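Worksheet for the structure shown next.
Every chain is numbered from 1, with letters handed out A, B, ... down the list of sequences. Predicted model, so just to flag it, every value in this text is computed and none were measured.
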2 protein chains.
Amino acid sequence: MNKNIYLQIFNDYSDKIQKGQLVPGTKLPSENDITVEYGTSRETVRKALNLLAQYGYIHKVRGKGSYVLDIGRMDFPITGLISFKQMSKKFGWDTKTHVDEVKRVPANAEVARQLHIPANEPVWRVTRAREIEGERIILDKDYFLSSIVEQLSEEIASHSIYEYLEGVLQLKISYAKKEISVEEVTAEDRRLLDLHDFNHIVVVKNYVFLENTTLFQFTESRHRLDKFQFVDFARRVHGEDLP
Amino acid sequence: MNKNIYLQIFNDYSDKIQKGQLVPGTKLPSENDITVEYGTSRETVRKALNLLAQYGYIHKVRGKGSYVLDIGRMDFPITGLISFKQMSKKFGWDTKTHVDEVKRVPANAEVARQLHIPANEPVWRVTRAREIEGERIILDKDYFLSSIVEQLSEEIASHSIYEYLEGVLQLKISYAKKEISVEEVTAEDRRLLDLHDFNHIVVVKNYVFLENTTLFQFTESRHRLDKFQFVDFARRVHGEDLP
DNA sequence: AAGTGGTCTAGACCACGCG
DNA sequence: GCGTGGTCTAGACCACTTC
């Protein structure tokens with residue numbers, strides 16, 4: 001039970017902040033106090049506090065202390081990877097998934113470029129419409145390298161593909177690059193979504209990599225304009241501009 | 001010159017990766033090797049490598065090593081805070097700023113709510129259109145608490161307000177919350193931007209906080225649909241779902 | 001078994017804010 | 001001067017990969 005002390009500390013304090021037991025604007029105990037509280041070393045405490053700061057729960061000021069922020073419980077944290085399934089569970093939405101297609105096809109030029117593979121290489125194409133509170137709002141188009149994901153089915157696609165990939169296939173998904181832009185609505189969007197008379201659609205492109213740094217999935221999530229939101233938390237870097 | 005060794009290591013390696021001296025897919029020296037290379041301790045090296053991982057330069061795998069990624073130099077890194085001025089400089093765009101208004105006004109209900117102040121509290125309202133390559137594409141509407149920013153002028157607004165705030169007023173901007181959504185075009189958008197016949201516009205709302213955790217600025221950046229892009233780098237958290 | 005990264009410790013000194 | 005957070009050290013043990 002003494003494993004990952006810093007995660008324990010992180011979870012304890014993020015819970016307290018989310019539950020309002022620690023009021024925004026107030027100070028956390030000092031690092032030394034927390035060190036004593038958990039009977040651990042200061043570097044371990046600092047690791048936990050830095051995580052809290054990274055997630056927007058607290059803000060640290062040298063010479064003063066760590067302050068509780070009021071944006072720890074964010075409305076829509078897409079920052080980081082989070083699947084549709086996790087999201088809807090988190091917000092208690094009434095959701096449904098409509099699988100339009102699960103098919104192994106040769107990659108067309110566009111997809112081949114996105115996945116960095118030769119054209120006509122076989123890929124799984126999965127097309128799903130997401131219904132939230134009675135309206136079809138999101139169109140997910142996934143492409144998987146079929147050299148890595150050998151089998152797929154409508155059955156799997158109607159649940160969580162990620163659970164299948166990580167649970168059954170034991171793939172280790174490690175990081176992703178995400179791009180948000182706006183495109184014109186296509187005939188397919190119109191066919192599969194409740195689009196009213198919108199002419200544009202928000203497109204979130206997601207390039208997903210495995211632990212061995214191979215790109216194995218490309219996903220295009222097409223969101224109806226009026227239902228799209230993205231929230232981010234950013235820290236300003238003083239002095240050097242790192243990025 | 002031996003200050004902030006971990007930043008030194010971070011900068012050295014991020015430079016090497018950006019310049020292509022370290023090829024994507026190859027391995028970095030082990031943490032122990034780098035420790036020797038810099039004559040420092042392993043925790044310091046790890047601090048640098050974790051930063052590199054956070055910025056998407058490398059990917060660490062337990063038992064194997066740290067691998068160079070090819071997405072370190074991203075096209076459009078708004079992740080983090082970056083101003084229009086920094087952006088255009090970075091990409092060498094031909095840009096112009098048109099100041100429409102710099103005025104101290106009583107906050108209306110909407111702005112008061114955003115800034116968490118009583119209605120009619122005085123704020124500076126700054127409205128600027130950004131022209132890129134000959135087209136007015138972005139409309140920036142800034143609101144500053146006038147209790148913190150006492151003076152402002154068209155002169156300042158036409159350059160970088162942030163340089164003024166940080167350089168002259170010595171304000172310490174520490175973090176921000178960013179929200180991206182899509183709204184319907186307003187008459188003001190039409191008046192100040194080259195909107196063609198778009199009916200919607202991408203809105204980036206930015207809540208900016210000072211080091212003492214006071215919210216002092218609210219900015220609404222309105223981007224023409226076809227010119228908007230946002231790129232993010234995300235890591236998957238195994239095991240516990242932290243956020 | 002050897003090498004890798006992940007966690008942790010018990011100290012140390014420094015930079016900063018405040019009374 | 002004291003308390004705060006920021007950096008750093010020289011070790012230790014563990015989990016994982018590879019041979």
Checklist entry - Atom CG of Leu51(B) and atom P of dT7(D): how far apart are they, to the nearest Å? => result 10 Å

Next on the checklist: Between Val68(B) and Val23(B), is there a side-chain heavy-atom distance shorter than 4.5 Å?
Outcome noted: no

Item to check | Arg46(A) CZ - dT7(C) P separation (whole Å) | outcome: 16 Å

Item to check | Ser30(A): side chain to side chain contact (heavy atoms under 4.5 Å, CB included) partners, not counting sequence neighbours | outcome: Asn32(A), Asp33(A)

Next on the checklist: Starting the side chain at C-beta, find the nucleotide from dT7(C), dC8(D), dC8(C) nearest to Ile5(A).
Outcome noted: dC8(C)

Item to check | Passing candidate, side-chain hydrogen bond (donor to acceptor under 3.5 Å, both in side chains) with Gln8(B), options Asn11(B), Asn4(B), Asp12(B) | outcome: Asp12(B)

Next on the checklist: Under 4.0 Å, heavy atom to any atom of DNA chain C: which of residues 21-41 of chain B qualify?
Outcome noted: Ser30(B), Glu31(B)

Next on the checklist: Could you check whether Gln217(B) and Thr219(B), counting side-chain N and O atoms only, form a donor-acceptor pair closer than 3.5 Å?
Outcome noted: yes

Checklist entry - Out of dC8(C), dC8(D), dG5(D), which has the shortest distance to the side chain of Asn4(A)? => result dC8(C)

Checklist entry - Does the side chain of Tyr6(A) get closer than 4.0 angstrom to OP1 or OP2 of dC8(C) through an N or O atom? => result no

Item to check | Contact under 4.0 Å: Thr44(A) side-chain N or O vs dT9(C) OP1/OP2 | outcome: yes

Checklist outcome for this item: Given protein heavy atoms under 4.0 Å, the one-letter contact record of nucleotides 11-19 of chain C, with B base, S sugar-phosphate only and - none, is simply -B--BBSS-

Next on the checklist: Can you measure Phe10(A) atom CZ to dT7(C) atom P for me and round it to whole angstrom units?
Outcome noted: 14 Å

